[in-house]
Number of protein chains: 2
Amino acid sequence: MGTPLPRDPIADAQRNWERHGWGNVAAPMAAITAIMRTQQILLARIEGALKPFGLTFARYELLALLSFARSGALPMSKASALLQVHPTSVTNAVDRLEKAGLVIRSPHPTDGRTTLIELTTEGRTVAKRATAVLNTEVFSQSGFADGEVDQLIRILGDFRRQAGDFSD
Amino acid sequence: MGTPLPRDPIADAQRNWERHGWGNVAAPMAAITAIMRTQQILLARIEGALKPFGLTFARYELLALLSFARSGALPMSKASALLQVHPTSVTNAVDRLEKAGLVIRSPHPTDGRTTLIELTTEGRTVAKRATAVLNTEVFSQSGFADGEVDQLIRILGDFRRQAGDFSD
DNA sequence: GCAATATACTAGGACATCCAAGGGTTTGGA
DNA sequence: TCCAAACCCTTGGATGTCCTAGTATATTGC
């Protein structure tokens, strides 16, 4: 976050790894570090685009997920599984979205253990607007070429499957 | 987070985007979401490997950075710039590392504003051991093929340069 | 030489994430 | 039928990140 560095710090780290006898894992280390940094940059852009809506990325993701659910409602546990975050993170996000009037909690009709998260009318509107802004301000100007996008989707998709994200 | 999902949630999201008229940005959206998720998986692996050392990734990165500095010491501001994190994050990390006896703060000899972070003997030892574990348990088994590693380094390197990380 | 500006670090607050624990609800086998 | 195991959500605690000041020290410029 400030001025650009004169040299790529990750490439430097890779050289350091090689110099200290870890040449065999220097490249994967650099790739992984680059993923961490890229995520950080992208997250900052996303949060910047969502700020006017009073949303964070975590809350937006939940809102978007609900807006794609046919009934506009989902059990907390389902949301946790689909977003692949800890249940307590969902609790946290729902608390804040509920306070903002974008969702409401309601009891599950047949399972007393389950709480449903339901989109309010305003929640649906905000989700739609935020999606439009995110698409035009972030996703449409990602900085990745079409071919790179395809490669990323394939490489990271394989990785995620192998990591146990999905069995597909 | 637990059992694998039957289907890739990101591919589902991509289909939802297309179905709702955002087909032109569905792919970048999917690629970016995949980066976010991949980062999450990798971070969990890394933190798992570092746990026995009482280190988090943030603290490890600082320790590793110091261990590569010739004198074993760096100004806070320099560390902040190289790690590309907010200065307050460095303050936080140093607070904890100092409490653990792995680094010490010392005044800069000529610039009264600057605080130097210096590796202790124990800090250097821990850094070396943690690096070995990280390399053998995480980086050497990243799950990325050699060719994929190269592609990631190139694609994400271009992205980071374009995002203003470095001018190289 | 002294005021204005820039730089370095820290304090306090808002959020997000995870883990560990706890209390309520269901389910399933003895 | 009934109780233990499984499941669902929430609370409390620890970390990390960033932002917005606020304090202290350096540098610049008039």
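All chains are named by letter (A, B, ...) in the order of the sequence lines, taking the proteins before the strands, and each is independently numbered beginning at 1. Hydrogens, waters and symmetry mates play no part in the numbers below; they use all other heavy atoms, side chains included.
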Atom-to-atom span, [atom1] of [X] to [atom2] of [N] - whole angstrom:
| X | N | atom1 | atom2 | value |
| --- | --- | --- | --- | --- |
| B:E61 | D:dG16 | CD | C1' | 12 Å |
| B:K51 | C:dT17 | NZ | P | 17 Å |
| A:I117 | D:dC9 | CD1 | P | 8 Å |
| A:L82 | D:dC8 | CG | P | 13 Å |
| A:D111 | C:dT26 | CG | P | 6 Å |
| B:H86 | C:dG12 | NE2 | P | 16 Å |
| B:M76 | C:dT10 | CE | P | 4 Å |
| B:R37 | C:dA16 | CZ | C1' | 15 Å |

| query | Hey, is A:D8 close enough to B:R160 for a salt bridge, meaning N to O under 4.0 Å? | reply | yes

| message | What I want to find out is whether B:R37 reaches A:D165 closely enough, with some N-O distance under 4.0 Å, to be called a salt bridge. | response | yes

| said: Parallel, tilted or perpendicular, judged at 30° and 60°: which one describes the rings of B:H20 and A:F68? | reply: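 Plane angle over 60°, so perpendicular.
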
Phosphate oxygens OP1/OP2 of [N]: is one of them under 4.0 Å from a side-chain N or O of [X]?
| X | N | value |
| --- | --- | --- |
| A:R59 | C:dA16 | yes |
| A:R96 | C:dA16 | yes |
| B:R113 | D:dT27 | no |
| A:T56 | C:dC15 | no |
| B:T114 | D:dT25 | no |
| A:R105 | D:dC9 | no |

| message | Can you list everything that forms a side-chain contact (heavy atoms from CB on, under 4.5 Å) with A:N92? Sequence neighbours excluded, please. | response | A:R96

| request: Answer with base, sugar-phosphate or nothing: what part of the nucleic acid does A:Q40 contact at a heavy-atom distance below 4.0 Å? | output: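 Sugar-phosphate, backbone atoms only, no base.
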
| field | Derivation of the side-chain hydrogen bond (donor to acceptor under 3.5 Å, both in side chains) call for A:W17 and B:N135 | value | CA-CA 10 Å; A:W17 243 247; B:N135 282 333; 2.8 Å; yes

| First of B:T91 and A:S89 reached from the 5' end of DNA chain C, by closest nucleotide |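 Per heavy-atom nearest nucleotide, the more 5' residue is B:T91.
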
| query | Could a donor-acceptor pair under 3.5 angstrom be found where the side chain of A:T88 meets the base of C:dC19? | reply | yes

